[in-house]
Novice: 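Quick one: the structure is below, and I'll ask about it shortly.
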Amino acid sequence: MLVNPKPEQLADWFSKSSRVAVLTGAGVSAESGVPTFRDKTTGLWAKFNPKDLATFTSFLSKPDLVWEWYEFRKKAIHQTEPNPGHLALVRMEDWFADFTLITQNIDNLHQRAGSARLIELHGNIERNYCITCGREKREVTDLPPKCDSCGGLVRPDVVWFGENLPERALQNAWKKSSESTIFMVIGTSAEVYPANRLPYEAKCAGAQVIVINPDENPVTHYADAQVFGKSGDYLPHLCNEIQKKLNA
Ligand code: BJW
Ligand code: ZN
């Protein structure tokens, strides 16, 4: 495995590649000021118990509490901006015959940065839907919000533990991973199933796997390269080097 490759070394791989897939997690938004989940001191799960807030059962028993948590996070996210890591991934979209950004993030920052070839695996905090009839509710005023059509309870459009991921998104992510020639794993602990199987699928199908993360994760053990660093620091340099090679 290449450890801490210079951006020009990795740019060489990209210049010979046409199908790129990227899996991102909370770490890509950390430099925007959005807390990750599993950081031992600043992570959301250091302060809140996922069983109380991120399961359908907890939502049904305490919808007010769960909604307050999501409204609090949504307001905090609205105070943030996409960082250089998000923006670098937008630049990369047009350079390859096939480029897919697969995100576990619900914070909408890739979308606000301008990423278009995007698959949302865990939903989006900006959307909500009725648990009875499935209709989307746009404006949330009273908590917990009720459906305008049927009066049913409305929930955030995010994927909680024990819930299936949106079927089409997952199928598409699986396909793009297995077809990729380079697969980047950025800012995720790769602890959560099934997203954490995508890099392994890519590796088994022959992709070069690159991890960008200040820490090790399970993918480190089979990756072809790991950058032990922050995505917002490294990705802009990587992009500059790829662009130089594509223009050469
Ligand atoms: C940087 C950086 C910088 C920092 N630059 N990097 C036992 C019981 C029940 C279920 C299970 C079980 N065992 C396994 C399961 C399945 C479960 C699972 O995987 N659990 C594991 C935790 C054990 N998965 C599921 O339940 C999934 N569904 C499913 O499997 O369906 C089938 C099924 C049905 C019925 C029963 C069982 C299975 C659904 C998973 C949904 C995950 N939802 C959440 C919440 C979303 C909504 C919300 O935000 O409120 O999604 S949990 C949370 O984790 C969130 C994230 O998307 C996801 C992944 O986290 P991520 O992004 O990796 O963040 P961190 O914090 O973990 O890592 C950040 C990384 O960034 C770190 O590595 C840092 O080093 C790094 N970093 N700064 C680059 N600047
Ligand atoms: Zn309804």
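Quick caveat: nothing in here was measured; it's all calculated off a predicted structure. All residue numbers in this chain count up from 1 along the given sequence. Counting convention: from 1, in listed order, for ligands and their atoms alike.
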Novice: With backbone taken as N, CA, C and O and side chain as the heavy atoms from C-beta onward, which portion of Tyr70 lies under 4.0 Å from ligand 1: side chain, backbone, both, or neither?
Specialist: side chain
Novice: Decide, yes or no, whether a salt bridge links Arg38 with Glu191 under the criterion of side-chain N to carboxylate O below 4.0 Å.
Specialist: yes
Novice: Do protein heavy atoms approach atom 74 (C) of ligand 1 to less than 4.0 Å?
Specialist: yes
Novice: If the cut-off is 4.0 Å to any non-hydrogen atom of Asn164, which atoms of ligand 1 fall inside it?
Specialist: 31 (O), 32 (C)
Novice: Would you mind listing which atoms of ligand 1 come within a distance below 4.0 Å of any non-hydrogen atom of Glu163?
Specialist: 27 (C), 28 (N), 29 (C), 31 (O), 39 (C)
Novice: Would you say atom 14 (C) of ligand 1 touches the protein, meaning some protein heavy atom is under 4.0 Å from it?
Specialist: no
Novice: Does the protein put a heavy atom less than 4.0 Å from atom 49 (O) of ligand 1?
Specialist: yes
Novice: In ligand 1, which numbered atoms sit nearer than 4.0 Å to a non-hydrogen atom of Gln104?
Specialist: 57 (O), 59 (C)
Novice: Enumerate the atoms of ligand 1 whose separation from the nearest heavy atom of Glu31 is less than 4.0 angstrom.
Specialist: 3 (C), 5 (N), 80 (N)
Novice: Please check if any side-chain donor atom of Thr181 sits under 3.5 Å from a side-chain acceptor atom of Ser17, or the reverse.
Specialist: yes
Novice: Does atom 9 (C) of ligand 1 have any protein heavy atom closer than 4.0 Å?
Specialist: no
Novice: Suppose I only count heavy atoms of Thr36 and a 4.0 Å limit; which atoms of ligand 1 are within that range?
Specialist: 66 (O)
Novice: Could you identify the single nearest non-hydrogen protein atom to atom 26 (O) of ligand 1 and state the distance to 0.1 Å?
Specialist: Gly162 N, 2.7 Å
Novice: Using a 4.0 Å cut-off to any heavy atom of Gly25, which atoms of ligand 1 qualify?
Specialist: 62 (O)
Novice: Would you mind finding which of Ala30, Ser231, Pro214 brings a heavy atom closest to atom 1 (C) of ligand 1?
Specialist: Pro214
Novice: Would you call Ile106 a ligand 1 contact, heavy-atom distance under 4.0 Å?
Specialist: yes
Novice: What are the atoms of ligand 1, with element, lying closer than 4.0 Å to any heavy atom of Phe161?
Specialist: 20 (N), 22 (C), 26 (O), 52 (S)
Novice: Less than 4.0 Å between atom 34 (C) of ligand 1 and some protein heavy atom, yes or no?
Specialist: yes
Novice: Between Arg112 and Asp107, is there a side-chain N and carboxylate O pair less than 4.0 Å apart?
Specialist: no
Novice: Ignoring hydrogens, tell whether any protein atom lies closer than 4.0 Å to atom 42 (C) of ligand 1; use the non-hydrogen atoms only.
Specialist: yes
Novice: How many protein N, O or S atoms sit closer than 2.8 Å to the Zn ion (ligand 2)?
Specialist: 4
